[in-house]
Amino acid sequence: MYDTLIIGSGPAGMTAGLYAARANLKVGIIEQGAPGGQMNNTSEIENYPGYDHISGPELSMKMHAPLEKFGVENIYGIVKSIEDAGKIKRVITEDATYEAKTIILATGAKNRALGVAGEEEFTSRGVSYCAVCDGAFFRNQDLLVVGGGDSAVEEAGYLTQFAKSVTIIHRRDELRAQKILQDRAFANEKIKFIWDSVVKEIKGNDIKVSGVTVENVKTGEISEHEFGGIFIYVGVDPVSKMVENLGITDEAGWVITDDHMKTSIPGIFAVGDVRKKELRQITTAVGDGAIAGQGVYQYIENMK
Ligand code: FAD
Ligand code: NAP
């Protein structure tokens, strides 16, 4: 029986683990991949206090390192569902069932698909959702980045070190990304823009992507463009399927909590990107994790 089981080892889950373990609780973190979550998909982080800039994988390792020292147990597993039996909660993975007094859901968010013809067919054959993972395969090619948020604009900049050119296509005539990222993109000679336009179809041959059909949403004009690779950054969706039967999410799947990271079920907390909240960042994930790590301690004390 664990005092708390944390699902997901991104910055939110790791911080919750640190705080709960330092409160002398028996803590397990169940993770399906490498620790770090989405941080592993970005090359350059420059808005995490204390670091001028640091790569995502390096920050992941630094956050993970102290967990062992404080006795946090790392458990590999893909969580399928969670059962609430009052004072006992059960976490069911593909091959085991674990019991805990409390649960902290820290499963984060995942890239949203664009949902156009050709996207699924050419995924891993020129369509990618991770510039850090795949960018180096596209040396000297003309690349397309879809989206206008922080991810699209930041990763477009990253891709320019490999690509001949990077075109950002956005459905409006202004970007959503932070000003500093916009300024850098506008100043980068390798980055071009297609405004007020959407990708209608991703095209390719037997081997890989060859280009896209684009529609201008203002004029209705259709045009064809050649690209060697397409990186899609059109937002994120919550990873919360495993709690969909618990009634703690909104219609879109974001988990609803109060300021103490408590869901409507006593003993079940949620932290980080999976929560319904305004700002999804590493700093806010870490803040949520600290609050929940302390919150489970108080909850268990009150059970006595
Ligand atoms: P995540 O990082 O998503 O971690 C969730 C973890 O849960 C994952 O490891 C996942 O494998 C695990 N998990 C999910 N489901 C299961 C399951 N069923 N069973 C077991 N494990 C499971 N933020 C910044 O502040 N600065 C930046 O520069 C920055 N750059 C970014 C660049 C990109 C390309 C992206 C995509 C995001 C970036 N962000 C940045 C956002 C930031 O990475 C996230 O806000 C943060 O990682 C959220 O942390 P989290 O712990 O809530 O979730
Ligand atoms: P996001 O902020 O939700 O932006 C998604 C972008 O895709 C928006 O520009 C949106 O257009 C566009 N879009 C959405 N659906 C589309 C569709 N069907 N067709 C075409 N375009 C579509 O998502 P994100 O950029 O992935 O960022 C996710 C979170 O991570 C955010 O909280 C972000 O701040 C954080 N993040 C932070 C950093 C950093 O701090 N450096 C870096 C990366 C990510 P509209 O603008 O018209 O809505």
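These figures come from a predicted structure and were not determined experimentally.
Here the closest heavy-atom approach between residue Gly13 and residue Ile29 is recorded as O-CD1, 3.8 Å. Glu83 and Ile92 get closest at one heavy-atom pair: OE2-CD1, 3.6 Å. In this structure, Pro11 and Met39 approach most closely via the heavy-atom pair CD-CE, 3.9 Å. Summarising the geometry of Ile82 relative to Leu246, their closest heavy-atom pair is O-CD2, 3.8 Å, with the distance given to 0.1 Å. When all heavy atoms of Thr107 and Val274 are compared, the pair lying nearest together is OG1-CG2, 3.6 Å. Taking all atoms of both residues into account, the shortest heavy-atom contact from Pro35 to Met14 is CB-SD, 4.3 Å.
For residues 272-282, every residue pair satisfying the salt bridge (Lys or Arg N to Asp or Glu O under 4.0 Å) rule, not counting sequence neighbours, is listed here: Asp250-Lys276, Arg275-Asp288, Lys277-Asp288.
When only modelled atom types and interatomic distance are considered, Asp142 and Ser165 share a side-chain donor-acceptor pair under 3.5 Å.
Taking CD of Gln294 as the start and OH of Tyr297 as the end, the distance is 7.5 Å to the nearest 0.5 Å. Separating the CD1 atom in Ile103 from the CG atom in Leu5 is a distance of 6.5 Å, to the nearest 0.5 Å. Distance check: Glu58 CD to His53 NE2 gives 10.0 Å after rounding to the nearest 0.5 Å. How far NZ of Lys26 is from CG of Asn24: 12.5 Å, rounded to the nearest 0.5 Å. With rounding to the nearest 0.5 angstrom, the CD atom of Glu155 is 7.5 Å from the SG atom of Cys130. One distance of note links OG1 of Thr284 with CG of Leu279; it measures 5.0 Å at 0.5 Å rounding.
Of the possible donor and acceptor atoms, one in the side chain of Arg125 sits under 3.5 Å from a partner among the backbone N and O of Ile207. Formation of a donor-acceptor pair under 3.5 Å by the Lys80 side chain with backbone atoms of Thr93 is not found in this model. Between the side chain of Asn140 and the backbone N or O of Lys164 there is no donor-acceptor pair closer than 3.5 Å. Of the possible polar contacts, one joining the Gln182 side chain to the Ala177 backbone as a donor-acceptor pair under 3.5 Å is found. The backbone N or O of Ile248 sits nowhere less than 3.5 Å from a side-chain atom of Ser264 that would complete a donor-acceptor pair.
Cluster annotation: Val239 is connected to Ile75 through the hydrophobic network of ILVMFWY side chains, with a link wherever side-chain heavy atoms come within less than 4.5 Å. Linking Ile, Leu, Val, Met, Phe, Trp and Tyr residues whenever their side-chain heavy atoms come within less than 4.5 Å leaves Ile54 and Met61 in two separate clusters. Side-chain heavy atoms closer than 4.5 Å link hydrophobic residues (I, L, V, M, F, W, Y) into clusters, and following such links, even through other members, never connects Leu105 to Tyr299. In the hydrophobic clustering of ILVMFWY residues, with side-chain heavy atoms under 4.5 Å counting as a link, Ile300 and Ile265 come out apart. Connection of Ile230 to Val132 is not established within any shared hydrophobic cluster, with ILVMFWY side chains joined at heavy-atom distances below 4.5 Å, either directly or through further cluster members.
Looking only at side-chain heavy atoms (C-beta outward), Glu119 and Ile232 come within less than 4.5 Å of each other. Using a 4.5 Å heavy-atom cutoff, the side chains of Trp254 and Ser240 are not in contact. Counting only heavy atoms from C-beta outward, the side chains of Val199 and Leu144 approach each other to under 4.5 Å. For the pair Val209 and Ile202, the minimum side-chain heavy-atom distance is below 4.5 Å. Contact check for Ile30 versus Ile6: no side-chain heavy atoms found under the 4.5 Å cut-off. His225 is listed as a side-chain neighbour of Ile194, based on a closest heavy-atom distance under 4.5 Å. The closest side-chain heavy-atom distance from Glu73 to Tyr2 is below 4.5 Å. When side chains are defined from C-beta on, Val236 does not count as touching Arg112, because their heavy atoms never get closer than 4.5 Å.
Atom NZ of Lys208 has more than 12 neighbouring heavy atoms from other residues, nucleotides or ligands inside a 6.0 Å radius. Summarising the local packing, OH of Tyr19 is surrounded by 12 or fewer heavy atoms from other residues, nucleotides or ligands at distances under 6.0 Å. Counting non-hydrogen atoms of neighbouring residues, nucleotides and ligands closer than 6.0 angstrom, the CD atom of Gln161 exceeds 12 such neighbours. Within 6.0 Å of atom CD in Glu301, more than 12 heavy atoms from other residues, nucleotides or ligands are found, so the atom counts as buried in its surroundings.
Taking the charged nitrogens against the carboxylate oxygens, Arg176 and Asp150 have no contact shorter than 4.0 Å, which rules out a salt bridge. Using a cutoff of 4.0 Å between basic side-chain nitrogens and carboxylate oxygens, Lys89 and Glu99 are not scored as salt-bridged.
Val166 belongs to a hydrophobic cluster whose remaining members, ordered by chain and number, are Phe137, Phe138, Leu143, Val145, Val153, Leu159, Ile168, Leu175, Ile180, Leu181, Phe186, Ile191, Phe193, Trp195, Phe231, Tyr233; membership requires side-chain heavy atoms of ILVMFWY residues under 4.5 Å apart, directly or through intermediates.
Both the sub-6.0 Å distance and the 45° axial angle are satisfied by Arg22 relative to the ring of Phe70.
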Walk me through whether Lys203 and Thr213 qualify under side-chain contact (heavy atoms from CB on, under 4.5 Å). CA-CA 8 Å; Lys203 294 182 164 175; Thr213 305; 3.3 Å; yes

Take Glu46 and Arg184 through the test salt bridge (charged side-chain N to carboxylate O under 4.0 Å, His left out) and record every step on the way to the result. CA-CA 14 Å; Glu46 55 179 25; Arg184 270 183 213 157; 2.7 Å; yes

Dump the intermediate steps for salt bridge (charged side-chain N to carboxylate O under 4.0 Å, His left out) on Arg90 and Asp84, then the final yes or no. CA-CA 7 Å; Arg90 289 191 191 87; Asp84 173 39; over 6 Å; no

Set out, in order, the CA-CA distance, both residues' side-chain angles and the distance that settles side-chain contact (heavy atoms from CB on, under 4.5 Å) for Val214 and Val198, then state yes or no. CA-CA 6 Å; Val214 166; Val198 294; over 6 Å; no

Under the side-chain contact (heavy atoms from CB on, under 4.5 Å) criterion, do Lys101 and Met1 qualify, and how do the steps go? CA-CA 7 Å; Lys101 293 175 189 163; Met1 169 75 84; 4.3 Å; yes

Met303 vs Lys87, side-chain contact (heavy atoms from CB on, under 4.5 Å): CA-CA, chis, key distance, verdict: CA-CA 8 Å; Met303 281 171 88; Lys87 289 189 172 172; 3.9 Å; yes

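With Asn74 as the partner, the side-chain hydrogen bond (donor to acceptor under 3.5 Å, both in side chains) test is satisfied by one option alone out of His64, Glu31, Glu68: His64.
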